[in-house]
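For the single chain, residues carry numbers from 1 onward in sequence order. Atoms within each ligand, like the ligands themselves, are counted from 1 in listed order.
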Amino acid sequence: MDYFLTEQQKLIKDLARKIAEERILPVRAELDEKEEFPWAIVKDIADSDLFRIFIPEQYEGLGEGLFALCIATEELSRACCGVALTYATDALGTIPILLYGTDEQKQKYLPIIAAGTKLTAFGLTESGAGSDASAMKTTATLDGDDYILNGSKQFITNGGEAELYTIIAITDPTRGTRGASAFLVEKGMPGFTFGKKEQKMGIRASATSELVFHNCRVPRDNLVGREGLGFIVTMKTLDVSRPAVGALSVGLAQGALEAAVAYARERKQFGHPISALQAIQHMLANMAMELEAARALVYAAARTVDSGAKDFTEEGAMAKVFATDMAMKVTTDAVQVFGGVGYMRDYPVEKMMRDAKINQIYEGTNQVLRNVIALQLLKRKALRE
Ligand code: CAA
């Protein structure tokens with residue numbers, strides 16, 4: 001398929017592919033095995049200016065938008081979803097500043113994020129507030145010129161490794177979702193520490209940690225948007241970010257399809273390569289069709305975000321759900337094409353299948369997002385508005 005990329009987008013794609021093939025492929029199994037955070041690769045990504053893609057030019061970015069970010073994410077994920085997630089999550093942590101940050105906050109943080117020397121993260125989930133995000137218990141109480149944060153956040157991607165965190169906390173417990181606010185919290189602020197580092201089924205190169213706030217003083221200037229806007233900041237941030245989760249899944253599935261095709265050509269059974277069997281051919285054909293459909297949907301959703309459209313909740317949710325379900329199926333089928341060896345760690349498809357699962361869960365489970373899509377559909381007066 002030709003997606004009519006601009007010259008700049010083609011350059012970004014080539015650059016990300018080069019890093020994926022030269023720097024990620026050789027070490028992905030080791031990173032997975034050791035659950036090691038890929039700092040050396042993060043530095044390569046930074047040196048290649050790929051962290052600048054999504055940041056506006058006035059803040060030392062490339063101003064290329066979400067579509068270009070998705071292209072880079074997809075290429076990195078083709079080699080390793082865990083490494084690519086570190087990159088995509090840096091964008092997730094940055095979106096609140098881009099959407100709702102003050103000029104001062106943008107001037108202070110965006111050039112550093114663009115340089116890629118410091119990573120960001122997004123802290124919403126708590127042990128009692130997963131899909132039900134508004135059930136969060138972390139509080140932020142105004143005291144003079146500071147807010148004092150207390151509570152903890154669970155399963156935070158880039159947790160412990162990032163320097164800057166957008167944290168959602170309750171400033172007014174009487175107001176429900178309208179009582180939440182968003183804050184920029186820096187690593188090293190007194191009272192901010194890291195708890196348990198999670199051991200995961202997949203995406204093991206990525207760091208997932210608990211964030212703990214104990215009387216953590218955050219300057220009032222670090223409030224993002226206004227008090228009470230935290231839930232909207234959260235929902236809008238996730239609307240922008242979800243196509244990137246789709247891109248993670250498209251890249252992951254592309255890697256699995258390529259591995260399955262190569263193996264089907266070389267593996268001989270019954271006297272000829274298994275690629276001669278129609279059963280295998282049909283599996284590969286379905287994998288390729290579903291993958292391309294997901295890619296087209298992810299690209300369309302990302303381009304809708306970049307178009308300046310006001311509302312893209314439905315597009316983002318559709319891209320995320322469709323692409324992540326597709327990747328789970330395609331990676332599972334890739335293991336099936338490999339047969340017994342596909343289940344072993346000697347081949348990459350076993351890791352790809354493990355990596356795929358979480359994409360159906362984070363940034364809104366696919367069940368919650370189907371509710372979101374249905375709600376959008378049902379509230380429209382006409383189906384073709
Ligand atoms: N844009 C703007 N406003 C929105 C919105 C959107 N997309 N979605 C909801 N809102 C507004 C509503 O209009 C409502 O506003 P009012 O109070 O003015 O009426 C307010 O937000 C509350 O909305 P709901 O009543 O729909 O809220 P709810 O409590 O019923 O929750 C939910 C709805 C969809 C289930 C929500 O909680 C949700 O999205 N849950 C999933 C959470 C999630 O995605 N977590 C991911 C964590 S981050 C992560 O995973 C990162 C990682 O590791 C990589």
Quiz item: Between CD of Gln336 and NZ of Lys329, what distance do you get to the nearest 0.5 Å?
Solution: 11.0 Å
Self-check item: Shared hydrophobic cluster for Met289 and Val250 (ILVMFWY, side-chain gaps under 4.5 Å)
Solution: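 Cluster IDs for Met289 and Val250 differ.
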Quiz item: Between Phe183, Phe122, Phe192, which is the residue that forms a ring-ring contact (aromatic ring centres under 6.0 Å, His included) with Tyr165?
Solution: Phe192
For ligand 1, what N or O to protein N or O distances fall under 3.5 Å?
| unit_1 | atom_1 | unit_2 | atom_2 | d |
| --- | --- | --- | --- | --- |
| ligand 1 | 7 (N) | Asp239 | OD1 | 3.4 |
| ligand 1 | 7 (N) | Asp239 | OD2 | 2.8 |
| ligand 1 | 7 (N) | Thr313 | OG1 | 3.2 |
| ligand 1 | 17 (O) | Arg178 | NE | 3.0 |
| ligand 1 | 17 (O) | Arg178 | NH2 | 3.4 |
| ligand 1 | 18 (O) | Arg178 | NE | 3.4 |
| ligand 1 | 18 (O) | Arg178 | NH2 | 2.6 |
| ligand 1 | 29 (O) | Ser134 | OG | 3.3 |
| ligand 1 | 37 (O) | Ser131 | O | 3.2 |
| ligand 1 | 40 (N) | Ser131 | O | 2.8 |
| ligand 1 | 44 (O) | Arg242 | NH2 | 2.9 |
| ligand 1 | 44 (O) | Gly364 | N | 3.0 |
| ligand 1 | 50 (O) | Glu363 | N | 2.8 |
| ligand 1 | 53 (O) | Thr157 | OG1 | 2.9 |

Exercise. Tell me yes or no: between the side chains of Asn286 and Asp333, is some donor less than 3.5 Å from an acceptor?
Key: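 No, Asp333 and Asn286 have no side-chain donor paired with an acceptor closer than 3.5 Å.
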Exercise. Could you tell me whether Arg354 and Glu350 make a salt bridge, using a distance below 4.0 angstrom between a side-chain N and a carboxylate O?
Key: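 Yes.
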Exercise. Mark yes or no for whether Thr102, through its side chain, and Gln105, through its backbone, hold a donor-acceptor pair below 3.5 Å.
Key: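 Confirmed, Thr102 side chain pairs with Gln105 backbone.
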